[in-house]
Amino acid sequence: MRIVFMGTPDFSVPILDAIVEQGHDVVAVYSQPPRRAGRGKKERPGAVHQRADALGLTVRHPVSLKGADEQKAFAALQADVAVVVAYGLLLPQAVLDAPRLGCINVHASDLPRWRGAAPIQRAIMAGDASTAVCLMQMEAGLDTGPVLMRDEVAISADETAGTLHDKLSRAGADIVRRALPVLETLTPQPQPDEGVTYATKIDKSEAKVDWTASAPHIDDQIRGLSPFPGAWTMVNGKRVKLLRSKLAKGAGQPGEILDGLVVACGEGAVDITQVQPEGKGPMEAADWLRGARIEPGDKVGEHA
């Protein structure tokens with residue numbers, strides 16, 4: 001098939017690889033423009049752009065697809081289908097209609113649950129036991145199109161946004177690998193009207209831990225925001241990111257250290273197992289505690 005691939009972050013790379021490995025003709029790769037990053041603020045292409053360059057594929061990175069010239073250039077590719085995976089730009093109707101079989105999207109949630117920008121984090125933060133990868137026929141609405149294929153993915157008790165991201169990326173590659181050879185035979189299933197939720201973009205204000213909340217809520221928050229932006233709390237006057245946790249037994253005043261790095265919550269307790277202190281890399285909580293000068297009875301958080 002003649003395929004246009006549209007994606008930007010590392011989540012999308014395994015799916016591009018799967019398409020290339022199947023021998024399809026990737027006539028162009030669309031990706032977000034390079035962003036300035038690093039100490040020198042040099043322009044750095046995204047993960048898909050870098051991978052496409054390595055594969056010798058043509059890369060386009062328009063700032064917008066709303067202009068007539070960009071839409072004409074897209075249509076001129078005469079693609080059978082466009083595969084869209086975390087691209088980051090809205091596709092106008094003219095773009096959606098240009099490929100012979102339209103545009104299909106790999107979305108990392110069990111649609112219609114968690115439509116939108118941050119489905120992986122939101123699923124963990126909400127305490128969901130499972131999520132899915134959906135292959136969706138795109139239409140003008142936000143993740144509203146009918147679903148062509150769906151694979152459920154379990155969310156384990158120790159899942160972080162980082163580990164689930166990788167699981168769903170691999171599942172996305174697998175679903176595309178299976179779907180493309182039979183794409184024209186798949187029957188689109190409209191999404192139900194019930195159960196619609198929106199995965200709004202993560203705001204930094206959500207990362208601060210409120211120890212008066214319940215232990216399950218805080219555990220989901222910590223794992224759902226790991227590794228980025230990272231839930232955090234104050235310890236001895238310094239901000240510490242909390243990257244991994246698990247539920248623990250115990251009770252005390254919210255924010256009270258019970259044992260090691262087991263912290264009392266408004267209800268129950270959580271055991272913090274991995275942290276990232278200011279100016280340092282991630283480390284196991286046990287290693288950090290050796291020099292952290294924290295004793296049972298001490299408090300973390302606002303009143304530390």
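Side-chain atoms are counted along with the backbone in the values below, which use heavy atoms only and exclude waters and symmetry mates. Positions are given from 1 along the sequence.
R35 places no side-chain N or O within 3.5 Å of a backbone atom of E43 that could act as its donor or acceptor partner. A distance-only check finds no donor-acceptor pair linking the side chain of E70 to the backbone of S64 [under 3.5 Å].
Partners of R113 by side chain to side chain contact (heavy atoms under 4.5 Å, CB included), not counting sequence neighbours, listed by chain and number: A126, D128, T197. Scored by the side chain to side chain contact (heavy atoms under 4.5 Å, CB included) test, A79 finds V4, P99 as partners (sequence neighbours excluded). Applying the side chain to side chain contact (heavy atoms under 4.5 Å, CB included) test to T144 and every residue at least two apart in sequence or in another chain returns R115, E139. Remark: P277 pairs with V275, K280, M283, W288 by the side chain to side chain contact (heavy atoms under 4.5 Å, CB included) rule, at least two apart or across chains.
The structure places CD1 of I257 at 10.0 Å from CD of E295, a figure rounded to the nearest 0.5 Å. Between D25 atom CG and I19 atom CD1 the span is 12.0 Å, to the nearest 0.5 Å.
A cation-pi geometry, defined here as NZ or CZ lying under 6.0 Å from the six-membered ring centre and within 45° of its normal, holds between R239 and W232.
Legend: side chain to side chain donor-acceptor pair (under 3.5 Å) pairs involving residues 241-268, not counting sequence neighbours, sorted by first then second residue: D219-S245. Residue pairs meeting the ring-ring contact (aromatic ring centres under 6.0 Å, His included) criterion with at least one partner in residues 151-181, sequence neighbours excluded, are F11-H165.
Between D174 and R178 a salt bridge is recorded (basic side-chain N to carboxylate O distance below 4.0 Å).
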